Structures are given as C-alpha cells and as structure tokens.
There are 2 protein chains.
Amino acid sequence: MAEPSPVAGEARDGRCHHDHQVSCTSCRLAPLCLPLALETGDLEQLESIIQRGRPLQKGEHIYQEGQAFTSVYAVRAGSVKAYRYADDGSEQVTGFYFPGEILGMDGISRNRHASSALALETSAICEIPFERLNELSTRIPSLQRHFFQLMSQEITEDQELITLLSKHSADQRVAALLLSISARNARRKLSATAFRLPMSRADIGNYLGLTVETVSRVFSRFQKLGLLSVDSKEIAIADVALLRDAASGTLST
Amino acid sequence: MAEPSPVAGEARDGRCHHDHQVSCTSCRLAPLCLPLALETGDLEQLESIIQRGRPLQKGEHIYQEGQAFTSVYAVRAGSVKAYRYADDGSEQVTGFYFPGEILGMDGISRNRHASSALALETSAICEIPFERLNELSTRIPSLQRHFFQLMSQEITEDQELITLLSKHSADQRVAALLLSISARNARRKLSATAFRLPMSRADIGNYLGLTVETVSRVFSRFQKLGLLSVDSKEIAIADVALLRDAASGTLST
DNA sequence: CGCCTGGTTGAGAATCATCAACATCTGTGG
DNA sequence: CCACAGATGTTGATGATTCTCAACCAGGCG
C-alpha cells in the first residue's frame with residue numbers, strides 16, 4: 001500500500017505539531033475510557049505510560065493476528081474493525097470499536113494478538129503498554145479492578161453477539177447492530193438517530209453472519225417500512241420504536 | 001424441584017465427611033486451573049481463600065443471572081452449563097465447563113452475574129471469592145497476570161464460537177464441538193476418543209444455534225459415514241481425521 | 001404398567017445463500 | 001473537468017440448508 005500523501009503538513013515521522021498529545025485529564029472521552037476515581041498522582045502515573053501515535057489512515061493496521069502482544073489500545077477518534085481468520089482462511093469480523101472503547105485484550109492470554117485491528121477511517125489511537133499497566137495495577141487497586149471490568153464487559157458483549165447469531169433472524173441482527181451503534185453514539189453525546197456507518201456492507205454482513213446481499217435487502221426493507229432512511233452509509237433512524245420491535249422480532253409486517 | 005434424595009449418607013447441611021477439602025496443592029487439576037509458579041507461601045495464601053462446598057446435584061445452580069457477583073468458580077468434578085436469557089425470554093447456552101476450567105468471569109463488569117450456571121451432573125465446585133482474589137492479586141503479580149490471561153482466553157474462545165456460528169454449517173459446528181470436548185478430555189488425561197456427553201441434544205443445539213432435530217440428524221449422518229459411533233450420550237470418535245475434515249468443511253461426502 | 005422426558009426420523013416450508021445483472025460511488029489520470 | 005475502472009452496493013431469480021411440524025421410539029421413574 002502506498003504511503004498516505006502528507007496533506008496539510010501532516011508529518012510522517014511520528015511527530016507532528018497537532019494535538020496528538022492531548023492528555024487523559026483533558027480528553028473528553030476519559031469518562032468512557034477511564035471511568036475511575038483516581039487520585040491525582042495516580043492519574044498522572046497512568047497518563048505517563050500511555051502513548052499517542054500519529055493518526056492512522058483508513059486501512060492501516062493497529063496490530064495483526066499473531067503479532068507479539070504488547071499493548072491494549074483505546075480509540076480516541078475514528079473507528080476500528082477487529083477481525084480474525086477462520087481455519088479456512090476466510091475473514092471473520094469480531095467487533096467494531098468507537099471512540100472511548102478499548103481493544104486488543106484478546107491478546108493477553110497467549111501473548112500474541114488473536115485478532116487483527118484496522119482503522120475504518122482516519123483514526124487516533126492511544127496505546128497502553130500492558131506490562132506497565134500491569135505493574136501500575138498492582139499499585140492502584142481501582143485500576144486493576146477497572147481492567148478486570150473492561151475484560152468482563154468484552155466477554156458479556158461477545159456473549160450477546162453469540163445470542164444474536166444463534167437465535168436471531170437477519171432483520172433482528174441488523175436492527176440490533178444499528179441500535180448498538182446508536183446507543184454508543186448517544187454515550188458520546190452524538191446523535192442517536194442519525195449517523196454515518198464507517199464500515200462497508202460486507203463488514204456488517206461478515207460481523208452478523210450474513211451475506212452482503214441480505215444486509216442490503218434488510219436495509220431496503222427497513223427503509224420501505226419506514227424504520228430507517230438509508231443513503232448509502234448515512235443512516236437516519238426514522239422510528240426507534242419500530243426498530244426496537246424489529247430487533248426483538250415483534251415487528252408486525 | 002424436589003430435594004435430591006440423600007443417597008449414600010450424603011449430608012445436606014453443607015458439611016459432610018467426604019473429601020470436599022482437597023487442597024489445591026494436592027489437586028491433580030491444579031496444573032490446569034492454576035498453572036502458576038507460585039512461591040510456597042503464595043499458594044498457601046491462595047489456598048486459604050478458596051472455598052469448597054458440598055457436591056452439587058444435577059440441575060442445581062451455582063449462580064443465576066442477575067445475582068450479585070461475589071466469586072468465580074472452578075469446576076473440580078462433573079460439568080457445568082452456562083446460559084443466559086435472550087430478550088425474548090428464550091435460553092441461550094453460552095458455554096460448557098469441565099474440570100479444571102473457570103467460570104463466572106462475566107459477572108465482574110456489572111457486579112452481577114450476566115449468566116446462570118447449573119450442574120449438568122453431580123459436580124464439585126471450588127468457589128474463589130473475587131474481592132479477596134483481587135487483594136491477593138495486588139500482592140502476587142503472577143496471580144494477577146494469570147487471571148488476566150484466563151479472562152482473555154474466555155474472550156478468545158467466545159470469538160471462536162462467534163466464528164463457528166457465523167460461518168459454519170451444522171456439520172461443522174457439531175464436529176467442532178466434539179473435537180473441543182475431545183481436546184479438553186485429553187488435557188485431563190482422559191480418553192480423547194470415547195466419552196459421555198453430559199449435556200442434552202437440546203443443550204448442544206442451543207449452544208450451536210441449531211435445533212434438536214438438526215443435531216440429531218448430524219449425529220446420525222456422522223455415524224452412517226463412519227466418523228462416530230453414537231449410543232445416546234456415549235460418543236466414540238471412530239475416525240478423528242474425518243471428523244477434522246467435517247469440522248473444516250472438507251469432508252468429501 | 002404407563003407416563004413423561006428426551007431422542008430420532010420424515011415431509012414440507014421458510015429463510016437466507018448463491019449466482020447474475022446492473023447501478024452507483026470513488027478516485028485516478030487524461 | 002470529464003471519462004473510466006474498480007470497488008461497492010442494489011435487486012432479482014433460483015436453490016440449498018435448516019427450521020417447523022408431526023409422528024414415533026426408547027428409557028427412566030413413579
């Protein structure tokens with residue numbers, strides 16, 4: 001892949017004069033990513049281990065399956081898709097990550113990443129070296145607890161996805177994904193009813209265990225039924241109640 | 001549900017004179033459940049917080065969805081099914097746990113159990129109070145790391161299940177489950193080729209996102225093709241290579 | 001002995017995948 | 001600025017896999 005063009009004076013050496021070094025204390029995502037009641041000194045310590053790299057371009061990897069695991073990552077801006085390869089070599093999308101969310105925790109158990117992660121659009125990522133986080137956790141119990149909680153949450157979310165895949169129709173799966181993205185937007189004080197999907201239809205289908213065609217048909221049907229208005233990747237939820245019905249399988253039509 | 005009959009003088013008051021108090025040091029599952037290079041003193045400390053209850057009868061719950069989360073649990077004998085309720089009230093089996101495996105970690109994030117767990121047969125369970133484990137972890141870094149790894153492993157396994165549900169046929173799913181159980185048996189030095197399934201066909205189907213009928217048909221077909229010999233819950237893998245082919249979707253017939 | 005749960009097998013129906021054609025969007029280079 | 005090519009998305013027709021409904025069988029327990 002070609003180097004991204006250095007537009008707008010964007011440096012390519014990992015140092016530029018934009019705001020890559022926003023501190024956690026001033027980051028408006030901190031309440032999502034680190035909802036902690038840390039002592040001032042503690043937060044500074046945590047702050048000191050977090051590294052912020054240059055923005056990633058669309059399609060660039062944060063890490064790849066099989067690479068040595070060193071860090072977990074927090075999305076600061078943009079969005080990320082995580083995926084792994086099935087035994088037959090086909091891709092399986094395992095999750096989408098938005099600002100304030102943490103990824104990479106599946107690498108801890110074997111000390112190598114069990115999945116790959118790539119930027120779906122230009123994104124900013126904070127890197128949190130795991131060994132140093134571990135050390136810090138032994139000194140700051142609430143931080144240890146927080147990371148246990150984050151991992152547990154990941155487990156819970158995966159189990160919800162399992163339920164979705166196991167028992168739900170194409171309509172229900174798509175509706176559930178849209179509601180999930182809507183809720184995560186709301187958490188960031190963005191519109192819960194109008195947003196742009198950063199991922200392709202293929203990614204959505206792959207994530208939900210459906211083909212591209214089925215995803216496309218569901219979008220069309222939802223639009224026809226007045227649940228959504230769809231303009232390629234721009235989605236507007238026209239009737240949340242109906243969309244909830246669709247997600248729970250109680251949609252009349 | 002009726003009280004289980006107190007056969008063989010089994011006490012029902014939580015105290016009996018059998019070997020409930022086997023220590024971790026002498027437990028032959030310790031290398032699976034606690035593969036740690038702990039100092040002698042450390043192991044004693046860990047030992048001291050682990051509680052062993054009376055054996056659970058088939059159908060008894062270890063914990064239920066929504067209950068306050070206090071502990072994680074290690075299976076010492078028997079087997080356990082974990083499940084949660086989908087929004088429509090239907091059951092979703094999220095995992096099966098065998099001796100040496102740890103369950104209950106999904107409860108950490110919200111301080112309540114996100115799933116229920118029940119004994120599929122008479123089982124012995126070790127309870128590990130989480131708060132005390134947390135304290136201990138801050139003093140024993142390798143223990144902290146071990147629990148991060150266990151949770152990460154749970155995430156990885158869930159993601160493998162997601163892949164299985166998302167992209168694989170009924171044959172592939174059933175084959176994969178059988179191979180998983182086989183491998184876990186081997187880990188415990190039991191037969192990798194002949195075992196008794198502790199769960200019902202309904203549980204298998206539920207776990208794999210299939211109906212009972214489909215599971216039953218797959219078993220019959222596998223038997224007809226000479227991959228397995230099936231006698232209700234007794235399974236003998238007749239041809240591992242073919243079963244692997246079935247799991248990967250490269251089975252010729 | 002008979003009931004009830006759990007399991008198997010069959011026939012038909014439904015959902016979703018596949019295959020194929022076409023439309024649209026994006027970015028590139030003329 | 002436009003034309004073009006490749007990628008992405010939509011829509012339709014057909015077909016396969018799995019679900020649903022139903023009957024039947026086997027084993028365990030009162």
Side-chain angles (χ1 to χ4, degrees), chain A residues 1-5 7 57-59 81 88 90-91 93 120-122 164-175 196-224 228-235 246 249 251 253, chain B residues 1-5 7 57-59 81 88 90-91 93 120-122 164-175 196-224 228-235 246 249 251 253:
Chain A
M1 185 177 294
E3 282 289 310
S5 58
V7 276
Q57 298 298 321
K58 174 175 175 171
K81 144 181 132 174
D88 64 352
S90 69
E91 196 175 306
V93 175
L120 288 169
E121 58 195 311
T122 306
L164 197 64
L165 294 173
S166 190
K167 297 224 173 338
H168 293 354
S169 69
D171 282 7
Q172 289 178 288
R173 297 182 204 186
V174 174
R196 179 182 175 80
L197 296 175
M199 72 294 280
S200 69
R201 298 287 193 272
D203 286 336
I204 294 176
N206 191 311
Y207 177 66
L208 296 176
L210 302 169
T211 57
V212 196
E213 294 94 325
T214 301
V215 174
S216 182
R217 278 185 246 273
V218 173
F219 275 131
S220 299
R221 193 169 336 128
F222 281 180
Q223 182 158 233
K224 205 163 290 171
L228 299 178
S229 123
V230 181
D231 176 12
S232 77
K233 305 204 163 183
E234 296 292 339
I235 302 288
L251 188 62
T253 316
Chain B
M1 185 176 296
E3 282 289 311
S5 57
V7 276
Q57 298 297 322
K58 174 175 176 171
K81 144 179 131 175
D88 64 353
S90 70
E91 196 176 306
V93 174
L120 288 169
E121 57 195 313
T122 306
L164 197 65
L165 293 174
S166 190
K167 298 223 172 337
H168 294 356
S169 68
D171 282 7
Q172 290 178 287
R173 297 182 204 185
V174 173
R196 178 181 176 81
L197 297 174
M199 72 294 281
S200 69
R201 298 287 193 272
D203 286 336
I204 294 176
N206 191 311
Y207 177 67
L208 296 176
L210 301 169
T211 57
V212 196
E213 295 94 327
T214 301
V215 173
S216 181
R217 280 185 246 272
V218 172
F219 276 130
S220 300
R221 192 168 338 126
F222 281 0
Q223 181 157 236
K224 206 164 290 172
L228 298 179
S229 123
V230 182
D231 175 13
S232 77
K233 305 204 163 184
E234 296 292 340
I235 302 287
L251 187 63
T253 317

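Because the structure is a prediction, the values reported are computed rather than measured. Values reported hereafter were calculated over all heavy atoms of this structure, with side chains retained and with hydrogens, waters and symmetry mates removed.
Between B/D171 atom CG and D/dT18 atom C1' there is a gap of 11 Å when expressed in whole angstrom units. In this structure, the CG atom of A/D203 is 11 Å from the C1' atom of D/dT8, given to the nearest Å. One can place CZ of A/R173 at 9 Å from C1' of C/dC16, the figure rounded to the nearest angstrom. Rounded to an integer number of Å, the gap from B/M199 CE to C/dG6 P is 15 Å. A/L197 has its CG atom 14 Å from the C1' atom of D/dT8, to the nearest Å. Atom pair B/K58:NZ and D/dG28:P shows a separation of 11 Å (rounding to whole Å applied). The CG-C1' distance, from A/L120 to D/dT8, rounds to 15 Å in whole Å. One interatomic measurement links the two molecules: CG of B/N206 to P of D/dT18, which rounds to 17 Å at whole-angstrom precision.
At a threshold of 4.0 angstrom between heavy atoms, the contacts of A/S232 with the nucleic acid are absent. At the heavy-atom level, A/G209 lies under 4.0 Å from the strands shown only through sugar-phosphate atoms. Among the heavy atoms of the strands, none lies under 4.0 Å from B/K167. Within the nucleic acid shown, A/S169 comes within 4.0 Å of sugar-phosphate atoms alone, with no base atom in reach, counting heavy atoms only. Residue-level contact check: B/S200 touches the backbone only, with heavy atoms under 4.0 Å from sugar-phosphate atoms and none from bases.
Under a 3.5 Å cut-off, the side chain of A/N206 and the backbone N or O of A/E91 do form a donor-acceptor pair. With hydrogens and angles disregarded, a donor-acceptor distance shorter than 3.5 Å links the side chain of A/R201 to the backbone of A/S232.
Between the side chain of B/R217 and the base of C/dG10, at least one donor-acceptor pair of N or O atoms lies under 3.5 Å.
One side chain, B/S90 or B/D88, offers a donor N or O that lies under 3.5 Å from an acceptor on the other.
Relative to the side chain of A/E213, the nucleotides D/dA22, C/dA20, D/dC19 differ in distance, and C/dA20 lies closest. Distances were taken from every side-chain heavy atom of B/L210 (C-beta onward) to each of C/dT18, D/dC19, C/dT8; the shortest belongs to D/dC19.
Taking the nucleotide of DNA chain C with the nearest heavy atom to each of A/A170 and B/F219, the more 5' of the two is matched to B/F219.
Here the shortest heavy-atom pairing between B/V230 and B/Q223 reads N-OE1, 2.8 Å. Nearest heavy atoms, B/A170 versus B/T214: CB-CG2, 3.7 Å.
Regarding contacts with the backbone of C/dT8, a side-chain N or O of B/R201 is found under 4.0 angstrom from either OP1 or OP2. In this structure, B/T214 does not reach the D/dT18 phosphate: none of its side-chain N or O atoms is under 4.0 Å from OP1 or OP2.
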